[in-house]
Engineer: 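Please see the structure below; I have some questions.
The chains referred to below are lettered A, B, ... by the order of the sequence lines, with proteins before strands, and numbering in each begins at 1. The figures that follow rest on heavy atoms only: side chains count, while hydrogens, waters and symmetry mates do not.
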Number of protein chains: 2
Amino acid sequence: MNKDHLYLAKLRDYYANTGVFPPYSGIAKLIGMRSKGGVSAMVKRLANAGYLDVTSDRRIKPQKSFFERELFDYVQAELPQSANDTLAEPYSIDEYLINTPSRTVLLTIKGDSMIDAGLMPGDVVIVKKGAPAKVGNIIVAIVDGEYTVKYLEARDGQYYLRPANKAYPEIYARDHLEIFGLVVGSFRKY
Amino acid sequence: MNKDHLYLAKLRDYYANTGVFPPYSGIAKLIGMRSKGGVSAMVKRLANAGYLDVTSDRRIKPQKSFFERELFDYVQAELPQSANDTLAEPYSIDEYLINTPSRTVLLTIKGDSMIDAGLMPGDVVIVKKGAPAKVGNIIVAIVDGEYTVKYLEARDGQYYLRPANKAYPEIYARDHLEIFGLVVGSFRKY
DNA sequence: CATCATATAGAACTATCGTTCAATATGAAA
DNA sequence: TTTCATATTGAACGATAGTTCTATATGATG
């Protein structure tokens with residue numbers, strides 16, 4: 001068992017903070033090595049394992065696996081903090097939430113009209129532009145030139161928008177309901 | 001008026017795709033300059049403007065402003081226009097939500113005890129292990145060997161757990177309240 | 001304990017990086 | 001147009017990066 005996962009953890013923290021990797025001498029200091037040669041070997045191992053990529057101009061590039069996180073299960077609560085975390089699955093948040101980057105847009109929730117759907121003011125929703133929406137889906141519609149996040153509903157063959165908050169009225173389009181995109185996810189930072 | 005904002009745009013795109021900056025010769029090619037000297041000057045300008053930072057070991061580091069535009073533009077730029085969307089790359093949600101990967105863990109919400117806080121069953125919370133928690137924060141505690149996500153509250157100098165759902169009772173620890181970590185964010189997929 | 005594979009130390013080496021500076025280009029203001 | 005400030009070119013320079021190789025350390029396994 002080698003210490004590469006420890007090194008990887010430090011590299012991840014450093015990169016998350018700075019957005020850059022240090023030079024090999026700096027990495028050595030960071031992970032507690034004394035030689036650049038050792039770093040070079042370690043980087044190659046992490047590259048082989050799919051976490052990093054070394055470009056032709058000798059720069060370290062993070063790969064997908066570099067951003068994977070551990071998804072814990074409730075069951076594991078009793079388990080002591082073992083070094084081996086085989087029970088936690090790797091998980092990439094961006095990959096999980098977004099699969100068509102070019103058609104995907106982020107939008108910040110304003111107001112509490114969707115609060116019963118768990119969308120609080122300040123939450124960011126992930127919107128897939130032009131995706132087909134069904135009744136019951138949360139969508140982004142354009143009403144009076146403004147974007148609105150609401151449930152898409154239908155009555156008597158006519159679509160309308162329903163907020164997830166009884167304090168707000170349902171919205172009926174005059175003639176045509178303009179749908180901007182489908183809400184496929186959301187996130188929030190405390 | 002100089003072209004720095006164009007250069008910045010290209011650097012942003014490149015960085016969003018790769019997670020790294022090219023060497024100055026590569027930047028020159030990228031932005032259509034013919035000399036590294038010009039790049040050097042341009043980088044200094046962008047650093048002065050607060051977008052970049054040049055470290056003592058001559059590495060280019062993105063600053064906060066470097067990422068600002070993307071979130072901002074996504075929210076606002078989309079509003080007036082509806083079709084014009086070549087400003088590609090989504091900024092990394094992962095980067096936004098997580099800054100200490102090694103101490104960060106994901107946990108799936110079970111049940112609706114935190115539903116008034118906008119945490120629905122199936123949502124994933126981002127937990128910073130061992131982070132200091134204050135009263136009013138949402139935390140992950142270990143109760144009877146299971147993870148529980150609740151508000152941390154205090155009464156008469158004693159900590160207890162409060163669900164965000166009136167149908168659930170408050171939880172008082174027998175002797176010691178074991179806190180696993182602090183909830184710093186959450187996300188959800190529809 | 002001895003053996004073997006792998007990881008790290010350390011130093012020497014070369015490529016390449018970013019800096020610098022003078023000359024030139026660009027472009028706004030008068 | 002002329003003037004003036006700023007941007008860019010291009011080449012030379014020194015510094016430092018990462019590679020490489022050997023020796024040593026580490027640590028697992030028998």
Side-chain angles (χ1 to χ4, degrees), chain A residues 1-63 65-66 80-86, chain B residues 1-63 65-66 69 101-102:
Chain A
M1 220 50 194
N2 64 17
K3 304 183 195 161
D4 283 358
H5 62 285
L6 291 177
Y7 299 153
L8 179 59
K10 297 209 175 169
L11 284 175
R12 290 210 246 230
D13 284 356
Y14 188 94
Y15 185 86
N17 277 324
T18 63
V20 191
F21 291 107
Y24 280 25
S25 57
I27 294 182
K29 210 174 295 176
L30 179 70
I31 67 179
M33 268 194 196
R34 314 182 88 178
S35 76
K36 294 189 296 174
V39 173
S40 181
M42 182 270 285
V43 166
K44 274 178 191 147
R45 270 176 269 136
L46 288 182
N48 269 332
Y51 293 107
L52 299 174
D53 190 25
V54 181
T55 67
S56 60
D57 49 359
R58 295 182 306 178
R59 261 148 219 253
I60 301 177
K61 249 181 18 184
Q63 295 283 83
S65 311
F66 188 81
Q81 215 180 14
S82 65
N84 203 344
D85 40 80
T86 41
Chain B
M1 221 50 193
N2 65 17
K3 304 182 193 163
D4 283 358
H5 61 286
L6 291 177
Y7 300 153
L8 179 59
K10 298 210 173 169
L11 283 176
R12 284 177 170 165
D13 284 353
Y14 188 95
Y15 185 86
N17 277 325
T18 63
V20 192
F21 290 107
Y24 280 26
S25 57
I27 294 182
K29 209 174 297 176
L30 180 72
I31 67 179
M33 267 193 196
R34 312 180 92 177
S35 76
K36 294 188 295 174
V39 173
S40 181
M42 181 270 285
V43 167
K44 273 178 192 147
R45 270 175 269 136
L46 289 182
N48 269 333
Y51 294 107
L52 300 174
D53 190 27
V54 181
T55 66
S56 60
D57 49 2
R58 295 182 305 176
R59 267 157 213 248
I60 302 177
K61 248 180 18 184
Q63 295 284 81
S65 313
F66 188 80
R69 181 210 86 187
S102 66

Engineer: In degrees rounded to 10°, what angle is found between the helical axes fit to the five outermost pairs at each end of the helix from dC1(C)-dG30(D) to dA30(C)-dT1(D)?
Structural biologist: 50°

Engineer: Report the distance from atom OH of Tyr24(B) to atom P of dA17(D), rounded to the nearest whole Å.
Structural biologist: 14 Å

Engineer: Between atom CG in Leu46(B) and atom P in dT8(D), what is the gap in whole Å?
Structural biologist: 10 Å

Engineer: In whole angstrom, give the distance that lies between atom CD1 of Ile27(B) and atom P of dT8(D).
Structural biologist: 13 Å

Engineer: Would you give a per-nucleotide map of nucleotides 5-15 of chain C, 5' to 3', where B means the base has a protein non-hydrogen atom under 4.0 Å away, S means only the sugar-phosphate does, and - means neither?
Structural biologist: --SSBB-----

Engineer: Side-chain atoms of residues 12-20 of chain A: list all donor-acceptor pairs with protein atoms under 3.5 Å, sequence neighbours left out, distances to 0.1 Å.
Structural biologist:
unit_1   : atom_1 : unit_2    : atom_2 : d
Arg12(A) : NH1    : Ser65(A)  : O      : 3.1
Arg12(A) : NH1    : Phe66(A)  : O      : 2.8
Arg12(A) : NH1    : Glu68(A)  : O      : 3.4
Asp13(A) : OD1    : Ser102(B) : N      : 2.9
Asp13(A) : OD1    : Ser102(B) : OG     : 3.2
Asp13(A) : OD2    : Ser102(B) : OG     : 2.4
Tyr15(A) : OH     : Tyr15(B)  : OH     : 3.3
Tyr15(A) : OH     : Gly19(B)  : O      : 2.7
Asn17(A) : ND2    : Asp13(A)  : O      : 3.4
Thr18(A) : OG1    : Tyr14(A)  : O      : 2.9
Thr18(A) : OG1    : Val20(A)  : N      : 3.1
Thr18(A) : OG1    : Val20(A)  : O      : 2.9

Engineer: Checking Tyr24(A) now: which residues fulfil ring-ring contact (aromatic ring centres under 6.0 Å, His included) with it, not counting sequence neighbours?
Structural biologist: none

Engineer: Provide the full list of salt bridge (charged side-chain N to carboxylate O under 4.0 Å, His left out) pairs with a residue in residues 27-42 of chain B, sequence neighbours left out, each pair given once.
Structural biologist: none

Engineer: Counting only side-chain N and O atoms of Lys44(A), is one of them less than 4.0 Å from OP1 or OP2 of dT20(D)?
Structural biologist: yes

Engineer: Can you find a side chain N or O atom of Ser40(A) that sits less than 4.0 Å from OP1 or OP2 on dG18(D)?
Structural biologist: no

Engineer: Could you list the residues that satisfy side-chain contact (heavy atoms from CB on, under 4.5 Å) with Asp57(A), not counting sequence neighbours?
Structural biologist: Thr55(A), Arg59(A), Pro23(B)

Engineer: How close or far is atom P of dC17(C) from atom CZ of Arg59(B), stated in whole angstroms?
Structural biologist: 11 Å

